[in-house]
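Quick notes on the structure that follows.
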Protein chains: 2
Amino acid sequence: MREVIEKEPRDIFVNYLKGKGLRNTRQREEILDAFLTAKRHITVEELYKIVAKKDPGLGYATVHRNLNLLRECGLAEEIKIGKQKMRFEPPFGHGHHDHLICLKCGQIIEVSDETIEHLQNKLAAAHDFAPVKHKLEIYGYCGKCR
Amino acid sequence: MREVIEKEPRDIFVNYLKGKGLRNTRQREEILDAFLTAKRHITVEELYKIVAKKDPGLGYATVHRNLNLLRECGLAEEIKIGKQKMRFEPPFGHGHHDHLICLKCGQIIEVSDETIEHLQNKLAAAHDFAPVKHKLEIYGYCGKCR
DNA sequence: TTTAGTGCAAAGGCTTTGCAGATGT
DNA sequence: ACATCTGCAAAGCCTTTGCACTAAA
């Protein structure tokens with residue numbers, strides 16, 4: 001009676017591939033798995049090392065190519081803080097991208113609050129904008145570094 | 001009777017230089033001016049072209065070096081969206097870093113709302129965190145692209 | 001005059017691309 | 001079978017660095 005709504009990251013990816021006539025390969029599975037399982041904010045190099053450990057022949061370029069696909073379909077987002085390397089962020093908690101970021105030690109605390117959904121809709125409505133998702137980053141100092 | 005509180009971007013920069021025993025040069029002035037005057041989210045190349053027009057001998061490396069200083073003292077922030085080039089964002093509206101970003105055309109609408117200040121303090125308080133500033137990005141589709 | 005800054009060019013570091021062989025569909 | 005993928009290595013693109021000269025303080 002109804003289509004399965006694509007909700008799981010894996011489904012989103014597979015559907016995206018299908019929609020573009022792309023194929024699903026062993027390497028794609030491995031990279032997707034590693035990415036989704038990873039700690040937050042993984043670098044390309046970290047991801048490469050993880051997959052290369054299981055699949056030593058896998059190439060760096062393949063990681064890049066697939067990370068680009070993951071970004072295109074909305075599963076990966078780049079973030080860069082200060083001089084740190086670029087990192088890719090997996091989709092946490094179904095659209096919760098709210099972070100407290102320590103300016104000193106770089107620690108990132110993930111938080112969540114409903115208020116922001118309302119705020120999002122309110123701001124969007126005021127600017128003829130259809131919101132899809134948001135990202136909130138609060139910079140400051142964590143308990144240890146204060 | 002009282003010190004001038006460093007508030008203007010220019011003062012922040014000059015004080016930062018002083019504090020580190022660095023010098024103020026013609027090139028620094030030009031780059032700072034161009035950066036502060038620039039449209040939002042300028043790329044290194046765009047900034048280079050602006051200053052190089054006024055001062056043809058000025059080198060690319062100098063722009064980079066000074067952009068790094070601007071970042072170190074908190075005046076410049078890197079942002080990257082999708083496959084776009086890295087951009088540097090000047091400090092707008094005294095700490096307002098709230099954007100509506102169109103997923104299709106890439107347009108960035110700057111917005112501002114007080115609610116978020118409260119939200120920031122609330123979230124920070126709940127995690128033993130001392131907030132300094134925030135950045136909110138709402139992704140979606142603008143009126144034209146909807 | 002002393003030390004940091006600049007410009008240039010070379011070096012680095014990371015991402016993308018070209019190609020031949022491998023592999024989903 | 002046919003078009004896409006992969007792995008490798010080369011090419012590209014920015015950013016950073018080394019050095020001799022210039023210029024703030």
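Letters A, B, ... mirror the listed sequences (proteins, then strands); counts begin at 1.
The shortest distance between side-chain heavy atoms of B:P90 and B:L75 does not fall below 4.5 Å. When side chains are defined from C-beta on, B:R28 counts as touching B:L22, because their heavy atoms get closer than 4.5 Å.
Although no hydrogens or angles enter the test, the distance criterion places a donor-acceptor pair under 3.5 Å between the side chain of B:E46 and the main chain of B:T43. Side-chain atoms of A:H64 do not come within 3.5 Å of backbone N or O of A:Y60 as any donor-acceptor pair.
The distance between atom CD of B:Q84 and atom C1' of D:dC13, rounded to the nearest whole Å, is 17 Å. Summarising the geometry, the separation between NZ on A:K18 and P on D:dT4 is reported as 18 Å, rounded to the nearest angstrom. If you take NZ of A:K20 and P of D:dA3, they are 18 Å apart, rounded to a whole angstrom. The interatomic distance linking A:K80 (NZ) with C:dG13 (C1') rounds to 12 Å, in whole Å. With rounding to whole Å, A:R28 atom CZ is found 19 Å from C:dA22 atom P.
In this structure, the salt bridge (charged side-chain N to carboxylate O under 4.0 Å, His left out) partners of B:E30, at least two apart in sequence or on a different chain, are B:R26. In this view, B:T62 and B:Q27, B:I31, B:L58, B:R65, B:N66 satisfy the side chain to side chain contact (heavy atoms under 4.5 Å, CB included) rule, not counting sequence neighbours. Taking A:R71 as the reference, A:E78 meet the salt bridge (charged side-chain N to carboxylate O under 4.0 Å, His left out) condition, with sequence neighbours excluded.
Salt-bridge formation is not detected for the pair A:K144/B:D128: no Lys NZ or Arg NE/NH1/NH2 atom is positioned less than 4.0 Å from an Asp or Glu carboxylate oxygen. A salt bridge does not link A:E77 to B:K80: none of the charged nitrogens lies less than 4.0 Å from a carboxylate oxygen.
For B:N66 and C:dT6, the shortest distance from a side-chain N or O to OP1 or OP2 is below 4.0 Å.
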Exercise. When you check every protein heavy atom under 4.0 Å of nucleotides 15-25 of chain D, what one-letter string (B, S, -) results, 5' to 3'?
Worked result: SBBB----BBS
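Less than 4.0 Å separates DNA chain C from no heavy atom of any residue of residues 47-58 of chain A.
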Exercise. What's the verdict on side chain to side chain contact (heavy atoms under 4.5 Å, CB included) for A:K85 and A:E45, showing C-alpha distance, side-chain angles and the deciding distance?
Worked result: CA-CA 10 Å; A:K85 272 189 212 166; A:E45 195 183 356; 2.7 Å; yes
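From A:E89, atom CD reaches atom CD1 of A:I42 across 12.0 Å, with rounding to the nearest 0.5 Å.
If one axis is set at each end of the helix from C:dT1-D:dA25 to C:dT25-D:dA1 from five pairs, those axes are 50° apart, to 10°.
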